[in-house]
Every structure is written in C-alpha cells, then in structure tokens.
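Bear in mind that the values here come from a model prediction, so they are computed numbers and not experimental data. Order of listing sets the numbers, starting from 1, for every ligand and every atom in it.
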Amino acid sequence: GEVERSADQHAGDGADQVVVSEEQHEDRRHDQGVDDPLAHQPLPRHRSTAVPTHCRQCYHQRRGGSNRRSGTIALVRVGILTGGGDCPGLNAVIRAAVRKGERVHGDEIVGFLDACDGVQERRTIPLSIESMRGTLPRGGTVLGTRRGSPFDTPDGVARVQQTFSDLALDGLIVIGGNGSLSIACKLHADFGLPIVGVPKTIDNDIVGTDTTFGFNTAVQIATDAIDRLHTTAESHDRVLVVEVMGRHTGWIATHAGIAGGATAVLIPELPFDLDELCARLARRHDRGRFASIVVVAEGAEPRPGTLDVGEREIDRFGHVRLGGIASRVAHEIGSRTGFETRVVQLGHIQRGGTPTAYDRVLSTRFGVGAIDAVHDRRWGTMTVLRGEQVEYEDLTVAVGRTRTVDMQLFDGVAEHYFA
Ligand code: F6P
C-alpha cells in the first residue's frame, strides 16, 4: 500500500527548507516580475486563500533552471488536462491530484479546459478540494476533452510554451490515451516542458501499465448488457451479435465475453473467418442450443479476402471511424446459416456514467502518484500499475505501441468456454 506522509512530516524533512510567510511568498512572485494571469480568476466562494503553514515549503523549479533542488520557496502551480476520448475515472484522478496537491504539497492547481486546446488558448479554471467535491463517482471529465494536438498547427507548440511561461507553471499533468501521451512525450523530450502523464482508456491498450482505469467499468457495462441479451436470445432462438469498443485490441471483448459467457469473441488481434464462425454456431445449434451471443470488438477484421467491409470514414483527426462491423457479421451469419440474428452496438454507453469501485481506486492512486511525480520532478514519466503497485514508467514506452490481448488468456481460457 501507499504510505502518505503526514503534513507535519512533510514540513519537517529536507534541511534546505525554510518557512516563509504568506507576505514573503507574495513578495517573491512580485520580485520575479510574474504578472499573475490567473489572479483575476474568481476562487470558489469557500476556497481559502491562506496557505497552510505546512504547505509553504516546496521546491520551485527556476525557469530554465537546473534539476537540482533550488531551495527557492514558492507555491507550486500545477496544470492538469484530460485529452482524447473520455473515460470513467477521469474526475477521480483530477480530484485525487488536487486533494493531495493542495492539502499536502500546498499546490495551486489549474485545470486546462478541452485538453491541449485550453493550453494553447489559455482557457483555465482554478481547481480546489472544494470545487472537486462530489466528482469521485462522476463519469466524463469536468475539464472537457478534445482529440487535436498542438503539433497540428504551425504555432501550436509556441503557444503552449507561452502559456507555461505566462502562467508560471511548474508542471503539467496530462491524463490521456496513446495520442495525448505521445503529445506529452514530445513536448517534454523535444521542448523540455515539465510534464507527467497518467494513462487512461477504456480500451486497456497502453504499453507500460498492467491496466488502465475505465477498462473495468467498460467491461462491467458490456457484461451487464450480455447478461440481458442471453434471456432475449434464448426466448427467440436467436444469434445476438454484440459490438463493443476496442479500436486496436480486444480487451473489452475478451473480458466481457468470458464474464458474460459468450459463444464466440472476435478481436482485432485475430482476423476472423466467417465460415469458421458459422460452422461453430451450426455445431452448437446441432447440439440443441438455439441461442448464441457473439461479441465483436469494433476493430475486428475479417481474414484478408474473406469479406468486403466497405470503405471506412476518416474523422478530422485522421482516425478511422469505427462501428458497424457487428451488422456486417450478423448479416453474414444470417444469410449463411439461416439463423435469425440481431445486432446490439454498445458504443459510447461503455464510456459513460459512473466508474466502478475498482476504477475509482485505481484513478485515485494514479492521481496521487501524478502529483507526487510533479514534486519528485519525474518529468517525462507516467504513473503505471505493476502488479499491485503504482510505479512510474517513461512516456516513451507508451508511444507508438499497443498493448494487445494476452493470448494465454484468449487461447488458454476464453476459447474453452466459447462455443
Ligand atoms: O479510445 C477509446 C475509444 O473508446 C475507442 O475504442 C473508440 O474507437 C474510440 O474511443 C471512439 O471515440 P470517439 O467516437 O469518441 O471519437
């Protein structure tokens, strides 16, 4: 388990720390000539503007300074953003980082709205323990999220740098999937920005961490749906084809398929053969079972040359717009076997609503890990889960790679139950 230092312990360790008064702190910002662009922003009514005594001893990174502990006294101002698709547990990460940041480290936390757009356009909201109250069980993200990147426009990175300097940001926490973590990695590696990452995605496909928050919730939602579909499929002797999310990997499909007792699971990692699937369904029906559930990950593809899936639409960020493979599969099953088939596309239901208890705990641990990483100056890293422990891994590990389904789980466990 994680051991949090108490406020007093925090204040007590580190010989180079000096207690300063609130006035001294203000003087320092004034001396630095920092024109505080956040000063005009209204604080929540109940937020205290006083800095707790135990929080006045923080390491402040001098602009362009070295990595050594400077000993300069200042509040640490940390930005947080959420990028990419939303995911249950994002608010829990923000809340945890804000809570530990404000209460233990004495940080001032700034939320950037709409991912990197908010950084480039300097759209911020102050975040506090008070303002984050009640958000632990809430899905989505209070900060809003977008896909785009500052690398998409010629002056995007310069605007991000300008925001860091104008807001006197000491660090930025980027909570995102593969896309956002790649942007974070590049901003750190190529432009030296002090960034730490937190991996998120319901797809569970980020390399470096054993799991991502949001995945457990998505699997539970898909499993609940499959449970319900069993009874209607059995009543009508139908094949129900359920499409779940999973752009590059079949983690949700595999886990929900096992948990929901599916007949077959089609995943992007293993191109499927419809003749094989239909033969399997026919064998099952010959044995007297007249209802089947087939789970299809949205990114699943037929073996080359076996089925024409048509043209795929590309969105404005260059992503193939997925969704619809289940209809194609259901149509083929129906026409090749004569079994009555129906389709259910779960889509964004899997991303919406409250996170499971597991995801709330993981998100909270990642939030705490992220704010600690800021204070430990672990720039260019992200929080990861390894076994039972939250640890840190270089962002580079996640870039350009995809964590695919464990084939031991698929072949060794799932396949025995399917069909
Ligand atoms: O990245 C997670 C994910 O849920 C994918 O599985 C899916 O393809 C994608 O997001 C859909 O995102 P959106 O429709 O929000 O762009």
Side-chain angles (χ1 to χ4, degrees), residues 81-91 93 114-117 139-141 143-149 152 174-184 197-209 211-223 225 242-257 265-269 295-301 309-329 344-356 359 362-363 366 382 398-405:
L81 66 82
T82 50
D86 73 326
C87 173
L90 286 170
N91 290 324
V93 177
D114 303 332
C116 286
D117 289 6
T141 161
L143 295 176
T145 185
R146 294 287 182 278
R147 288 215 190 267
S149 157
D152 291 345
V174 172
I175 313 169
N178 274 315
S180 309
L181 294 177
S182 302
I183 294 167
V198 176
K200 70 85 222 178
T201 167
I202 64 164
D203 289 2
N204 199 33
D205 60 0
I206 296 179
V207 174
T209 182
T211 194
T212 50
F213 65 86
F215 170 62
N216 184 272
T217 305
V219 169
Q220 191 58 56
I221 292 168
T223 303
V242 187
E243 183 174 306
V244 297
M245 280 189 170
R247 174 164 287 267
H248 304 293
T249 65
W251 284 103
I252 298 175
T254 304
H255 279 242
V265 171
L266 310 182
I267 60 175
E269 289 87 338
V295 179
V296 191
E298 61 179 350
E301 290 194 350
V309 287
E311 285 289 296
R312 292 258 172 83
E313 198 189 325
I314 308 282
D315 71 15
R316 65 195 177 95
F317 302 111
H319 286 124
V320 174
R321 198 177 294 259
L322 296 175
I325 186 69
S327 302
R328 197 76 185 84
V329 168
V344 176
Q345 193 176 336
L346 289 181
H348 292 80
I349 286 176
Q350 295 157 97
R351 289 213 319 233
T354 191
T356 56
D359 280 337
L362 183 59
S363 302
F366 275 6
M382 62 177 180
V399 175
R401 297 166 71 198
T402 306
R403 185 170 163 270
T404 52
V405 167

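Of all protein heavy atoms, the one closest to atom 11 (C) of ligand 1 is Arg351 NH1, 3.5 Å. Residue, atom and distance of the protein heavy atom nearest to atom 2 (C) of ligand 1 are Asp203 OD2, 3.5 Å. Shortest contact from atom 14 (O) of ligand 1 to any protein heavy atom: His348 NE2, 2.9 Å.
Taking a cut-off of under 4.0 Å to the non-hydrogen atoms of Arg247, the atoms of ligand 1 that pass are 6 (O), 8 (O). For ligand 1, the atoms closer than 4.0 angstrom to any heavy atom of Gly246 are 6 (O).
Residue nearest to atom 13 (P) of ligand 1, selected from Glu298, Met245, Gln350, Arg147: Arg147 (by heavy-atom distance).
In this structure, the separation between CD1 on Ile183 and CZ on Arg147 is 11.0 Å, given to the nearest 0.5 Å. Taking CG of Leu90 as the start and OG1 of Thr141 as the end, the distance is 5.5 Å to the nearest 0.5 Å. Of the inter-residue distances, the one linking Ile175 atom CD1 with Leu81 atom CG reads 7.5 Å to the nearest 0.5 angstrom.
Under 3.5 Å, the side chains of Asn216 and Thr356 contain a donor-acceptor pair of N or O atoms.
Of the listed residues (Lys200, Arg351, Arg146), just one forms a salt bridge (charged side-chain N to carboxylate O under 4.0 Å, His left out) with Asp86, and that residue is Arg351.
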